[in-house]
Amino acid sequence: MEQFSEAEIAEIKDESARAYDLDRAHVFHSWSAQRTLNPMTVSRAAGSYIFDGEGRPLLDFSSQLVNTNIGHQHPKVVAAIKEQADLLCTISPAHVNAARSEAARLITERTPSGLDHVFFTNGGADANEHAIRMARLTTGKHKVLSRYRSYHGGTQTAINVTGDPRRWRNDLGDSGVVHFFGPFLYRSEFAATTEAEETERALRHLERTIELEGPSTIAAIVLESIPGTAGIMIPSSEYMQGVRTLADEHGIVLIADEVMAGFGRTGKWFAFEHFDIVPDIITFAKGVNSGYVPLGGVIMNDDIYDAFAEVAYPGGLTYSGHPLACAAAVATIDAMENEGMVDHAARIGEEIIGPRLRQIAEASKHVGEVRGTGAFWAIELVWDKETKEPLATYGGGSPEVASVLAALKERGLVIFNNYHRIHVVPPINISEDDLEAGLGILEEVLTGLDFDR
């Protein structure tokens, strides 16, 4: 971990104070009430650490927005961006550029046969926008099905496809989106008591939704292979295979949203690989280049590609396949491959994170459940383990959860939070020493909680 001299710390403080003042004067923040914000300044980052405005190191168990999959400032990716900047900073997407071509090759080498074409976007939301547009155009149908506990992005179609409460103020009910309940045994909507019951009842619910909405009206089913922000609820293979079967039976395009779960996060290159299915379209972003330069994309099967082989696709982006972003993707994928990061993520999930979190859950009054795979885990914070009442309301926060986050940060740990949950999502190449240090902080804080109503 980088250490700063007194002179460097003084410089960091001066830079950070100016940055904070300018931010509060001019920057409009996402998902926030602007005048109530007191955001943390981040001055530097390296590996699994970020440094605040005082130069204090904080272990990053959030991977920011679960996108810095290979940590911060990986030297090979930074070097690749610099080299690309010297060669070609930007070019119209109408032209071929080597970085984009190589990125497409490396990405499609890791997808199932037949998923060989990539449309590059600026991020995950517009990847989902274009995936849905492609599905609608190729099927001639308009409706899209997605689950309630989901997040697919902040642009117009993507936020309507999203199931969680961030949709509410943006949703006029005219987007052609129909939501359904997915499987989630811990908070079952189907009165299930076993995973088999949950799977069977959730599939029947989806089947009835398709029947009642009319299969001839439905273009696509959009699913996060493993829902991320919504809670890292891992479906059974039988459920995902059942969804694939329903889509096939009714001529519905199956879109796997891999924006958060893809590129090693779950211990596989793509999360859908856990379930032995092949989607028709894959959307990605975030981990493809660890978020170093904005990049996303749509990977499509031959049927989708062929629909636009002789007829122009009515869509495009100025920065589609941006050279700097694609050069970062090439370097990121190479680093993940050469340094064994995907296997590392699988191993630490199975051998370290999972066992340790289950121990913490057993010892904590307010941890109701832990679940996950690879470097992708969620912790349910509850008032009571029997009632499972969340420690914060769905769609909101609470002083209790805020106090947990503050206690973790005070001890040097930054964590990902959504409503009553905290997520353990460190870089997939985190060292065992850093991982154990972060889990130790979690254990200290979570096992010490004792809230009363």
Side-chain angles (χ1 to χ4, degrees), residues 144-152 161-165 167 177-213 218 220-250 252-262 265-268 270-280 282-283 349 354 357-358 361 368-374 376-380 382 388-390 394-395 418-421 423:
V144 177
L145 304 188
S146 68
R147 60 184 288 168
Y148 276 107
R149 292 181 184 270
S150 66
Y151 181 74
H152 297 285
V161 174
T162 288
D164 84 9
R167 179 187 86 253
V177 176
V178 176
H179 291 96
F180 62 91
F181 292 113
F184 182 22
L185 182 60
Y186 184 70
R187 299 191 181 279
S188 177
E189 300 290 343
F190 309 108
T193 58
T194 67
E195 193 66 50
E197 286 181 348
E198 184 74 2
T199 292
E200 179 185 3
R201 295 172 188 182
L203 280 172
R204 180 57 180 156
H205 165 66
L206 176 57
E207 183 178 33
R208 289 291 289 148
T209 301
I210 292 170
E211 290 171 354
L212 294 172
E213 288 295 331
I218 301 168
I221 299 172
V222 183
L223 286 178
E224 292 173 278
S225 304
I226 297 176
T229 306
I232 312 182
M233 304 87 73
I234 301 177
S236 67
S237 294
E238 291 79 9
Y239 179 79
M240 295 297 282
Q241 291 165 15
V243 174
R244 174 73 273 182
T245 298
L246 287 170
D248 289 339
E249 287 176 353
H250 298 294
I252 298 170
V253 174
L254 179 57
I255 301 172
D257 180 341
E258 293 272 344
V259 170
M260 186 175 284
R265 174 57 57 185
T266 69
K268 292 185 181 292
F270 293 101
F272 67 78
E273 296 177 72
H274 289 280
F275 311 116
D276 194 25
I277 65 163
V278 177
D280 301 305
I282 304 164
T283 59
L357 292 186
R358 286 187 279 271
E369 182 180 63
V370 298
R371 54 185 178 266
T373 183
F376 203 40
W377 291 79
I379 300 172
E380 290 260 343
V382 298
K388 304 179 185 177
E389 181 185 355
Y394 188 57
N418 190 40
Y419 312 142
H420 66 285
R421 278 175 282 98
H423 291 186

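With contacts defined as side-chain heavy-atom distances shorter than 4.5 Å, the pair Leu206/Tyr239 qualifies. Side-chain contact between Ser225 and Met260 is absent, with no heavy atoms from C-beta onward closer than 4.5 Å. Within the 4.5 Å cutoff, no side-chain heavy atoms of Ser150 are placed close to those of Pro227. Under the 4.5 Å side-chain criterion, counting only non-hydrogen atoms from C-beta, Tyr419 is not in contact with Pro390. At a threshold of 4.5 Å between non-hydrogen side-chain atoms, the residues Val178 and Val144 do not count as touching. Put simply, the side chain of Asp280 does not reach to within 4.5 Å of the side chain of Ile255, judged on heavy atoms. Two residues are said to be in side-chain contact when any heavy atoms from C-beta on lie closer than 4.5 Å; Arg147 and Met233 meet this criterion. When side chains are defined from C-beta on, Glu207 does not count as touching Leu203, because their heavy atoms never get closer than 4.5 Å.
No more than 12 heavy atoms of other residues, nucleotides or ligands lie within 6.0 Å of CD in Glu200, so this atom counts as exposed by the packing criterion.
Between the side chain of Glu198 and the backbone N or O of Ser188, no donor-acceptor pair lies under 3.5 Å. For the pair Asn418 (side chain) and Thr229 (backbone), a donor-acceptor distance under 3.5 Å is present. Without hydrogens or angle criteria, Lys388 side chain to Tyr186 main chain gives a donor-acceptor distance under 3.5 Å. Distance alone, capped at 3.5 Å, places no donor-acceptor pair between the His274 side chain and the Lys268 backbone. Using a distance-only test at 3.5 Å, with no hydrogens or angles considered, a donor-acceptor pair links the side chain of Glu224 to the main chain of Gly228. Counting only distance, with no hydrogens or angles, the side chain of Arg371 and the backbone of Gly231 share a donor-acceptor pair below 3.5 Å. In this structure, Arg421 contributes its side chain and Glu380 its backbone to no donor-acceptor pair below 3.5 Å. With hydrogens and angles ignored, the 3.5 Å screen pairs a side-chain donor or acceptor of Glu258 with a backbone N or O of Ala271. A donor-acceptor pair under 3.5 Å is absent between the side-chain atoms of His152 and the main chain of Leu223, judged by distance alone. The closest donor-acceptor contact from the side chain of Arg167 to the backbone of Val161 lies at 3.5 Å or more, if one exists at all.
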Report task. Run the numbers on Asp164 and Tyr394 for side chain to side chain contact (heavy atoms under 4.5 Å, CB included), then give the verdict. Result -> CA-CA 9 Å; Asp164 84 9; Tyr394 188 57; 3.7 Å; yes

Report task. Walk me through it: do Ile218 and Ile210 pass the test side chain to side chain contact (heavy atoms under 4.5 Å, CB included)? Result -> CA-CA 8 Å; Ile218 301 168; Ile210 292 170; 4.1 Å; yes

**Report entry** Trace of the side chain to side chain contact (heavy atoms under 4.5 Å, CB included) decision for Thr209 with His205
**Finding:** CA-CA 6 Å; Thr209 301; His205 165 66; 3.8 Å; yes

Requested in this report: May I have the step-by-step check of side chain to side chain contact (heavy atoms under 4.5 Å, CB included) for Val222 and Leu145, ending in yes or no?
Outcome: CA-CA 6 Å; Val222 183; Leu145 304 188; over 6 Å; no

Requested in this report: I would like to know whether Thr245 and Gln241 meet side chain to side chain donor-acceptor pair (under 3.5 Å); could you show each step before the answer?
Outcome: CA-CA 6 Å; Thr245 298; Gln241 291 165 15; over 6 Å; no

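Scanning both residues, Ile226 and Pro235, for their nearest heavy atoms gives CG1-CD, 4.5 Å. Closest non-hydrogen pair, Ala261 versus Phe376, comes out as CB-CE2, 4.0 Å. For Phe190 against Gly182, the heavy-atom pair with the smallest separation is CE1-O, 3.9 Å. Heavy-atom minimum distance, Ala361 versus Val370: CB-CG1, 4.2 Å.
Taken from CZ in Phe181 to CD in Glu189, the straight-line distance is 4.0 Å, to the nearest 0.5 Å. The CD1 atom of Ile234 lies 8.0 Å from the OG1 atom of Thr266; values are rounded to the nearest 0.5 Å. Separation of atoms CD1 (Ile277) and CG (Leu254) is listed at 5.5 Å; rounding is to 0.5 Å. In this structure, CG on Asp276 lies 12.5 Å from CZ on Arg244, to the nearest 0.5 angstrom.
Relative orientation of the Phe270 and Phe272 rings is parallel, given thresholds of 30° and 60° on the angle between their planes.
Cation-pi contact between Arg208 and Phe180: absent, since separation from the ring centre below 6.0 Å together with deviation from the ring axis within 45° is not met.
Using a 3.5 Å distance cut-off with no hydrogens or angles, the side chains of Ser236 and Thr199 do pair a donor with an acceptor.
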